[in-house]
Trainee: 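Have a look at this one before I ask anything.
If you read the sequence from its start, that first residue is 1, and numbering goes on from there. Nothing here was measured: the structure is a model prediction, and the numbers come from that model. Both backbone and side-chain heavy atoms feed into the values below; hydrogens, waters and symmetry mates do not.
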Amino acid sequence: MQYVKPKRVGELLPKFFRDPAIVAKIAEASLPEVWAQVVGEQTARYTTEVSFRRGIMTVHISASVVRYEMFMQRSALRDKINAASRMPIVRELIIK
């Protein structure tokens, strides 16, 4: 068995966070915060649930007027979310 010199965590983390799969998962995890940032505090109050699966972001909004307004702007919102995430992770935005 060959001896491998131990490495410090500080040496390993930069390499770990350059992995595209890890970067994408971190971006996915931050989508609820990105949503609130993109739509603003007022609209974010009406958001009851934000989920993401396989490139599809689903947002549930409790107020019908706000839901309709977000529905009409969903392609622009998708572009803003992708820009704020610094990577195109949202292929489709569903407003419910």
Trainee: Counting only N and O atoms by type, is there a donor-acceptor contact under 3.5 Å from the side chain of Ser62 to the main-chain atoms of Tyr46?
Mentor: yes

Trainee: Taking C-beta and beyond as the side chain, do Val50 and Met57 meet within less than 4.5 Å on heavy atoms?
Mentor: yes

Trainee: For Glu69, what residues pass the side-chain contact (heavy atoms from CB on, under 4.5 Å) criterion, not counting sequence neighbours?
Mentor: Gln73

Trainee: List in chain and number order the residues that pass side-chain hydrogen bond (donor to acceptor under 3.5 Å, both in side chains) with Gln42, two or more places apart in sequence or in another chain; answer none if no residue qualifies.
Mentor: Arg45

Trainee: By the salt bridge (charged side-chain N to carboxylate O under 4.0 Å, His left out) test, which pairs, at least two apart or in different chains, include something from residues 47-61?
Mentor: none

Trainee: I need the minimum non-hydrogen distance between Leu93 and Val90, along with the two atoms involved.
Mentor: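 It is N-CG1, 4.5 Å.
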
Trainee: May I have all residue pairs that pass salt bridge (charged side-chain N to carboxylate O under 4.0 Å, His left out) and include part of residues 70-84, sequence neighbours excluded?
Mentor: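 Every pair satisfying salt bridge (charged side-chain N to carboxylate O under 4.0 Å, His left out) with a residue in residues 70-84: there are none.
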
Trainee: Donor-acceptor pairs under 3.5 Å, side chain of residues 6-29 to any protein atom, not counting sequence neighbours: which ones?
Mentor:
| unit_1 | atom_1 | unit_2 | atom_2 | d |
| --- | --- | --- | --- | --- |
| Asp19 | OD1 | Ala21 | N | 3.4 |

Trainee: Would the distance check show the side chain of Thr48 and the main-chain N or O of His60 forming a donor-acceptor pair, the cut-off being under 3.5 Å?
Mentor: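 Confirmed, Thr48 side chain pairs with His60 backbone.
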
Trainee: Passes side chain to side chain contact (heavy atoms under 4.5 Å, CB included), Met70 versus Val59? Steps please.
Mentor: CA-CA 10 Å; Met70 295 299 106; Val59 180; over 6 Å; no

Trainee: If the condition is side-chain hydrogen bond (donor to acceptor under 3.5 Å, both in side chains), which residues does Gln37 pass it with, not counting sequence neighbours?
Mentor: none

Trainee: With Glu33, which residues qualify under side-chain hydrogen bond (donor to acceptor under 3.5 Å, both in side chains), at least two apart?
Mentor: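 Expected list: none.
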
Trainee: I'd like to know if Met87 and Leu77 are part of one continuous hydrophobic network [Ile/Leu/Val/Met/Phe/Trp/Tyr, side-chain heavy atoms within less than 4.5 Å].
Mentor: yes

Trainee: Got a sec, which residues hit side-chain contact (heavy atoms from CB on, under 4.5 Å) with Met72, two or more places apart in sequence or on another chain?
Mentor: Tyr68

Trainee: With sequence neighbours excluded, give me every salt bridge (charged side-chain N to carboxylate O under 4.0 Å, His left out) pair touching residues 83-96.
Mentor: none

Trainee: Tell me, please, which residues at least two apart from Ala83 pass side-chain contact (heavy atoms from CB on, under 4.5 Å).
Mentor: none

Trainee: Of all residues at least two apart in sequence or in a different chain, which pass the side-chain hydrogen bond (donor to acceptor under 3.5 Å, both in side chains) check with Thr47?
Mentor: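 Once residues adjacent in sequence are excluded, the partners of Thr47 under the side-chain hydrogen bond (donor to acceptor under 3.5 Å, both in side chains) criterion are Trp35.
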
Trainee: State the OG-CZ distance between Ser64 and Phe71, to the nearest 0.5 angstrom.
Mentor: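 Spacing of OG (Ser64) from CZ (Phe71) equals 14.0 Å.
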
Trainee: Listed by chain and number, what are the side-chain contact (heavy atoms from CB on, under 4.5 Å) partners of Ser85, not counting sequence neighbours?
Mentor: Leu31, Val34, Ile81, Ile89

